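Here is the structure we will look at, set down as C-alpha cells.
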Amino acid sequence: MMEDDFYHPLANVSTPSSGWTSGAWQAALSLHPNVLLALFLGPVLIVMVTRYMTGLPPKELSGQKASTVWGYPYWIPFVGHAFSFFRDPIKLMREAESQSPHGNIFSLTLGGTTLNIISDPDLIKNVMVKKESDVQFSSIAWAIVEKFFGIPKASYQKYVSVWDELNGHATLLMREPHMSNMLKATIRNLERNLQNMITFVDTEIDLQPWERWANASYISSSETEINLMSLLRDMTGHASIPATFGGAFMEKYPDILHDVYDMDNGMYFFLMGLPAWFPWPGVMKAHLARSRLWQALDDQQRNLDALADGKDVDYSWGDLDDISEMITRRHSTFKSNGFEIKERGDLAVLWALVVNAPLLVYWQVIYILSTPGLVERIREEVAPYVTVTKGESIGKISEAPKLAISHEGLTKHCPLLRSTYFEALRLRMAPWSMRKVASDVVISGKKTDNTMSFALHKGEYITMPHDLHMSDPRYFKDPEKFEPERFITRDEDGKVSTDARTIRPYGGGPSMCKGRNFAERECLSLVAGVLAYWDIGPADKKAGWVVPPLVRTSGMARPQHETRVRIKRRTFEWET
C-alpha cells in the first residue's frame with residue numbers, strides 16, 4: 001500500500017477543477033506576455049476610447065444650417081446609459097442637461113438606440129407639429145396598447161382601420177354638449193357622495209366602500225380618522241366610472257378601482273413583456289388584476305351586443321341606458337367593424353379615468369391644507385359656486401346638508417383654485433411624450449437670429465419628459481416650492497385670470513390627453529366640494545401637515561406614504 005507523501009504528491013493526480021482550470025488556464029499561462037497584456041488592457045482601452053468619442057462637442061452640418069445633438073458621454077459600448085437610466089432617469093437627465101452645451105436638448109444611448117431628450121418648450125412645439133411621416137407616434141401608441149392593455153397582436157390591422165374613428169369618440173370629452181352631459185352625471189355623483197363621504201359609525205359593514213379601503217377609524221359620532229389619499233382617490237373613481245360606464249358597472253364589480261391601481265403599478269412589467277409567472281414581486285398581481293378588468297369589460301360588451309341585437313340582457317346590468325355616449329359610440333364602432341369581445345380596448349378608457357385625476361385631487365388638497373391661510377381663501381373664492389344648504393327635517397331627524405356644485409363657475413371665476421390645480425400638476429405630474437424619427441428632420445426653436453437648429457436622424461427616438469421642463473428654474477422660480485398664485489395673471493385692467501404658461505401636464509400633439517378639460521372640471525369640483533363641506537386636520541397635531549415625497553409612475557406621481565387625517569363636517573350658519 002502506497003502512502004501519500006506531503007512533499008511529493010502522487011503522480012497523475014490533479015486537483016478537482018473545471019475544464020478552465022485544468023486546460024484553458026494552462027493554455028493562457030503559456031501565451032506570450034504581450035497577448036496577455038492585450039487581453040487585459042484591450043477592454044480598458046475600448047471603454048476609455050468610448051468615453052472620449054462620445055463626449056465630443058456637437059458638429060455643424062454643412063448645407064443644413066443645423067448641428068448634431070450633443071450626446072452625454074458614456075463608458076460601456078452599446079449599453080450606453082442603460083443602467084443609470086433604468087435606475088433613475090430623471091437624475092440622469094438632469095446631470096446631462098447641466099453639462100449639455102445647448103442645455104435643454106441632448107441625447108442618451110440605450111442599447112445602441114439614440115434617445116434625443118428635449119425639454120425646451122419651443123423645440124417640443126416644433127416636434128409636435130411634424131407630420132407622421134417625419135416623426136411617428138402611432139407605432140409607439142400601438143406598442144403600449146398591445147403590451148400594457150393586452151390587446152391581441154393580431155388585432156393591429158383592425159385598429160388601424162378605425163383609429164381615427166375611435167379618436168373622434170374620445171374628443172367628445174372636449175366638445176359640447178357631450179362634455180356637459182358627462183360632467184352633469186359626474187357632478188351629480190360627486191354631490192351625492194361628498195355629502196356621505198364620512199358615515200361616523202363604528203361598524204365596518206356600515207361604512208362606505210371608500211371608507212373601508214381608506215382604513216377609517218371611528219373616533220366619535222362627529223369625527224373619523226382616515227387615510228386621505230385612498231379616500232380622495234376612491235371618491236373620484238366612484239363619481240367618474242358610473243358616469244362613463246353606467247351605474248351597474250361598479251355595483252357588479254365593486255373592486256374594479258383597485259384592480260386598475262394594481263394593473264397600473266405593473267405597467268413597466270407589461271411593457272418589458274414579463275409573463276405572469278415571472279418571479280418578481282407585483283408581476284403576478286398586475287396580471288391577475290388586468291385579467292379581472294378584462295372579464296368585467298367583456299361582460300359589459302356582451303350585454304351591449306345583446307341590447308343592440310334585440311336579445312335579452314342580463315338583468316343585473318339594468319337597462320344600460322345610463323352609459324355615456326362615448327362608450328356607446330365606441331361599442332358601435334367595435335361591433336360594426338367585426339371586433340371580437342376580447343379585442344375591444346375600453347380598458348384604456350377605464351385606466352385613463354382612474355389613474356391620474358384621482359391622485360391629482362389628493363396632491364391639490366394636501367398642498368392647500370398645508371399652506372397657512374390658503375383653505376380660508378379658497379373657501380371664500382368658491383362660495384358662490386359651491387353652496388351648502390340645510391337638509392329636510394322631520395322632527396328630530398334631519399337629512400345631511402345639501403351640496404350643489406357649479407363646475408362652470410369654478411372654472412371661469414375661481415383663479416386661485418385653478419392656479420393651485422396647475423401648480424399641483426406642475427409639481428406632481430410626470431408625463432413623457434415619445435416619437436420615433438421616421439426620416440431625417442431638422443427642428444428649430446424660436447425664430448430669432450440666434451436660433452439653433454438640430455438634425456435628427458431616421459431610426460432615432462425623441463423623448464420629451466415634460467416634468468424635466470416643469471421643474472426647470474429657468475422657467476419656474478423655486479421650482480420645488482408650491483406657489484399657490486404661480487399661474488395667476490392680471491391684465492391691464494386688473495382683471496385676474498389663470499394662464500398655464502409652458503407646462504404640458506397632458507402631453508402634446510396627437511397624444512395629448514383628450515379628457516383634459518373634463519379632468520380639470522372634475523378635479524376642481526371635487527376639491528372645492530371637499531373643502532366647502534368638510535374640516536380636515538392632521539391626525540398627528542404635533543407633526544402637523546407633511547407633504548410626502550413622490551413615487552414616480554406612468555403619469556401622476558403617488559405619495560411614498562399615506563397622509564393620516566381627522567375629518568369632521570363643517571358647522572354651517574343655520575347650526576350656530
Side-chain angles (χ1 to χ4, degrees), residues 85-86 88-94 97 104-105 108 115-130 135-138 140-145 147-149 167 170 173-174 233 236 260-261 263-265 267-268 270-271 348-349 351-364 421-436 461-472 475-476 479-480 486-487 500-520 522-523 550-559:
F85 186 87
F86 290 111
D88 192 340
I90 293 297
K91 180 180 178 182
L92 173 66
M93 288 188 288
R94 290 201 191 287
E97 188 178 52
N104 38 27
I105 179 170
L108 303 175
L115 291 182
N116 295 290
I117 313 294
I118 303 174
S119 62
D120 178 84
D122 295 302
L123 289 174
I124 289 174
K125 188 182 298 183
N126 187 270
V127 171
M128 293 300 187
V129 299
K130 292 291 183 185
V135 291
Q136 293 179 343
F137 166 70
S138 57
I140 296 173
W142 172 251
I144 295 173
V145 165
K147 293 182 178 180
F148 181 44
F149 297 116
N167 276 335
L173 291 173
M174 303 177 66
R233 185 165 68 163
T236 314
V260 177
Y261 304 154
M263 185 191 84
D264 184 64
N265 289 341
M267 169 176 267
Y268 296 117
F270 289 120
L271 295 181
V349 177
W351 173 83
L353 278 176
V354 169
V355 170
N356 290 327
L359 281 173
L360 175 59
V361 166
Y362 161 76
W363 287 117
Q364 188 178 359
Y421 169 81
F422 287 136
E423 182 71 338
L425 274 172
R426 185 189 68 81
L427 285 165
R428 288 297 184 257
M429 191 70 168
W432 286 22
S433 297
M434 289 281 294
R435 300 290 187 271
K436 183 177 181 181
Y461 284 83
I462 306 170
T463 303
M464 293 159 281
H466 301 294
D467 53 332
L468 198 64
H469 165 70
M470 294 191 295
S471 58
D472 191 333
Y475 295 90
F476 304 97
E480 301 301 321
R486 190 185 297 272
F487 295 94
R501 294 165 58 183
T502 57
I503 66 170
R504 287 180 179 270
Y506 296 109
S511 62
M512 185 179 287
C513 175
K514 304 297 187 295
R516 58 189 182 276
N517 293 334
F518 174 86
E520 179 182 332
E522 177 190 31
C523 291
L550 60 83
V551 175
R552 295 191 180 277
T553 63
S554 56
M556 181 61 63
R558 293 196 308 274

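Just so we're clear, the structure is a prediction, and the values are computed from it rather than from any experiment.
- With contacts defined as side-chain heavy-atom distances shorter than 4.5 Å, the pair L359/R233 qualifies.
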*asked:* Set out, in order, the CA-CA distance, both residues' side-chain angles and the distance that settles side-chain contact (heavy atoms from CB on, under 4.5 Å) for I90 and M93, then state yes or no.
replied: CA-CA 5 Å; I90 293 297; M93 288 188 288; 3.7 Å; yes

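- Between atom CZ of residue F270 and atom CG of residue D264 there is a gap of 10.0 Å, rounded to the nearest 0.5 Å.
- Contacts of A557 classified as side chain to side chain contact (heavy atoms under 4.5 Å, CB included), with partners at least two apart in sequence or in another chain: R428, L550.
- A search for side chain to side chain contact (heavy atoms under 4.5 Å, CB included) contacts involving D472 returns E97, R474, Y475, not counting sequence neighbours.
- Residues that satisfy the side chain to side chain contact (heavy atoms under 4.5 Å, CB included) test with V551, not counting sequence neighbours, are R558, Q560.
- Summarising the geometry, atom CG belonging to L427 is positioned 11.0 Å from atom CG belonging to D467; distances are rounded to the nearest 0.5 Å.
- Minimum heavy-atom separation, R516 to Y421: O-OH, 4.4 Å.
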*Begin from the C-alpha positions of F476 and I503 and carry the test side-chain contact (heavy atoms from CB on, under 4.5 Å) through to its verdict.*
CA-CA 10 Å; F476 304 97; I503 66 170; 3.5 Å; yes

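- Partners of D120 under the salt bridge (charged side-chain N to carboxylate O under 4.0 Å, His left out) rule, at least two apart in sequence or in another chain, do not exist in this structure.
- In this structure, the side chain to side chain contact (heavy atoms under 4.5 Å, CB included) partners of K91, at least two apart in sequence or on a different chain, are D88, E95.
- Proximity of S471 to R94: side-chain heavy atoms (C-beta onward) are separated by under 4.5 Å at one or more points.
- Distance CZ/F137 to CD1/I462: 13.5 Å, rounded to 0.5 Å.
- Annotation: the span from L425 atom CG to H466 atom NE2 amounts to 12.5 Å, rounded to 0.5 Å.
- The one candidate from R504, H469, R435 that meets the side-chain contact (heavy atoms from CB on, under 4.5 Å) condition with M464 is R435.
- Counting only distance, with no hydrogens or angles, the side chain of N116 and the backbone of Y461 share a donor-acceptor pair below 3.5 Å.
- E423 meets the salt bridge (charged side-chain N to carboxylate O under 4.0 Å, His left out) test with R426, R486; sequence neighbours excluded.
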*Given the rule in the side-chain contact (heavy atoms from CB on, under 4.5 Å) test, do M429 and L360 qualify, once you have shown the distances and angles that lead to the verdict?*
CA-CA 8 Å; M429 191 70 168; L360 175 59; over 6 Å; no

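- Here CD of E520 is found 4.5 Å from CZ of F422. Values are rounded to the nearest 0.5 Å.
- Note that the CZ atom of F149 and the CE atom of M263 stand 5.5 Å from one another [nearest 0.5 Å].
- Across all their heavy atoms, K436 and I140 have their closest contact at N-CD1, 3.7 Å.
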